[in-house]
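Just below is one structure, and these are the notes that go with it.
First listed ligand is number 1; within each ligand, the first listed atom is number 1.
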Amino acid sequence: MILKIVKYPDPVLSRPGEPVNEFDAELRKLADDMFETTYASQGIGLAAPQVGVSKRLTVIDLSVGKEPKDKLVLANPEIIFTEGKQYEEEGCLSFPEIREKVVRHAKVRIRAQDVNGKWFEMDGEELLARCFQHEIDHVDGMLFIFRMSALKRDLNLRKIRKLQREGKW
Ligand SMILES: [Zn+2]
């Protein structure tokens, strides 16, 4: 089922998610629906707050549905190691049409639970590292617009307000 993606400034996006405690059929359904929703928008990642569910859950698939082994469900994820810096363009399904360069760590190691509740660690670099950081920010209630320089942030907030006035946001 394709879920509705909430857009900035919906308050659910700025609220830290609740820990995932139940690894049941309902959670598996939510994760499946989040993958379907991500693919329908040609995205590579989506966090539960973006579909209005305030939980520490995110799905990532850099292959956009082409490689089953690339599907990652991260419950209660955290970054446990970082190295270096990268500065590349990012977008966010809760900010349609906004793309901007954001400073991120070049490499990260994360720790998370899979859809069955099993803890695992994983390393990511380049795009995957960026995606981990972007999605883990979401479960903490942090949005990429607040990782931009003040100048870029103000420019984009003005663009959003203009789109809102025109009924296009
Ligand atoms: Zn996002």
Side-chain angles (χ1 to χ4, degrees), residues 1-20 27 30-66 70-79 82 85-108 110-113 115 122 124-150 152-161 163-164 168-169:
M1 187 171 85
I2 295 174
L3 307 169
K4 184 181 174 339
I5 296 178
V6 301
K7 278 185 268 188
Y8 177 84
D10 191 302
V12 72
L13 292 172
S14 302
R15 198 184 306 145
E18 294 289 323
V20 176
L27 185 76
L30 175 60
D32 283 348
D33 288 346
M34 284 169 61
F35 277 118
E36 204 180 327
T37 305
T38 308
Y39 302 150
S41 305
Q42 289 296 303
I44 57 171
L46 189 68
Q50 293 182 276
V51 292
V53 177
S54 193
K55 278 192 181 162
R56 304 184 70 79
L57 177 75
T58 171
V59 302
I60 291 173
D61 182 353
L62 297 191
S63 80
V64 198
K66 290 187 186 76
D70 286 356
K71 286 177 79 169
L72 291 173
V73 176
L74 310 183
N76 303 318
E78 50 188 309
I79 292 170
T82 67
K85 289 268 180 289
Q86 57 171 319
Y87 183 54
E88 297 295 334
E89 206 176 71
E90 278 181 31
C92 178
L93 296 178
S94 294
F95 290 82
E97 294 180 48
I98 309 281
R99 295 196 63 85
E100 206 66 73
K101 281 190 164 187
V102 177
V103 178
R104 299 286 189 186
H105 299 292
K107 293 183 183 177
V108 296
I110 60 128
R111 180 176 179 267
Q113 282 168 286
V115 78
M122 194 173 171
E125 43 187 283
E126 299 178 351
L127 180 60
L128 183 58
R130 215 151 66 227
C131 199
F132 280 152
Q133 291 167 86
H134 183 112
E135 300 308 331
I136 292 173
D137 267 357
H138 270 303
V139 302
D140 288 332
M142 178 66 181
L143 297 168
F144 88 130
I145 198 159
F146 299 107
R147 297 272 187 212
M148 294 172 192
S149 67
K152 295 283 187 191
R153 178 167 61 242
D154 291 347
L155 219 61
N156 282 300
L157 287 171
R158 272 206 295 279
K159 183 175 168 185
I160 291 166
R161 280 194 289 272
L163 288 166
Q164 284 173 319
K168 293 175 188 162
W169 183 267

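Residues satisfying the side-chain hydrogen bond (donor to acceptor under 3.5 Å, both in side chains) criterion with R111, sequence neighbours excluded, are E78. The side-chain hydrogen bond (donor to acceptor under 3.5 Å, both in side chains) test applied to E125 returns no partner, not counting sequence neighbours.
The main-chain N or O of F35 is never found under 3.5 Å from a side-chain atom of K71 such that the two would form a donor-acceptor pair.
Using a 4.0 Å cut-off between charged nitrogen and carboxylate oxygen, D140 and R56 count as a salt-bridge pair. Look at E90 and R147 and you find no salt bridge, because none of the NZ, NE, NH1 or NH2 atoms lies under 4.0 Å from a carboxylate O.
Listed by chain and residue number, the protein N/O/S atoms under 2.8 Å of the Zn ion (ligand 1) are C92 SG, H134 NE2, H138 NE2, with waters left out.
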Name the atoms and distances for all side-chain donor-acceptor pairs under 3.5 Å in residues 1-11, with sequence neighbours left out.
| from | atom 1 | to | atom 2 | distance (Å) |
| --- | --- | --- | --- | --- |
| D10 | OD1 | V12 | N | 3.0 |

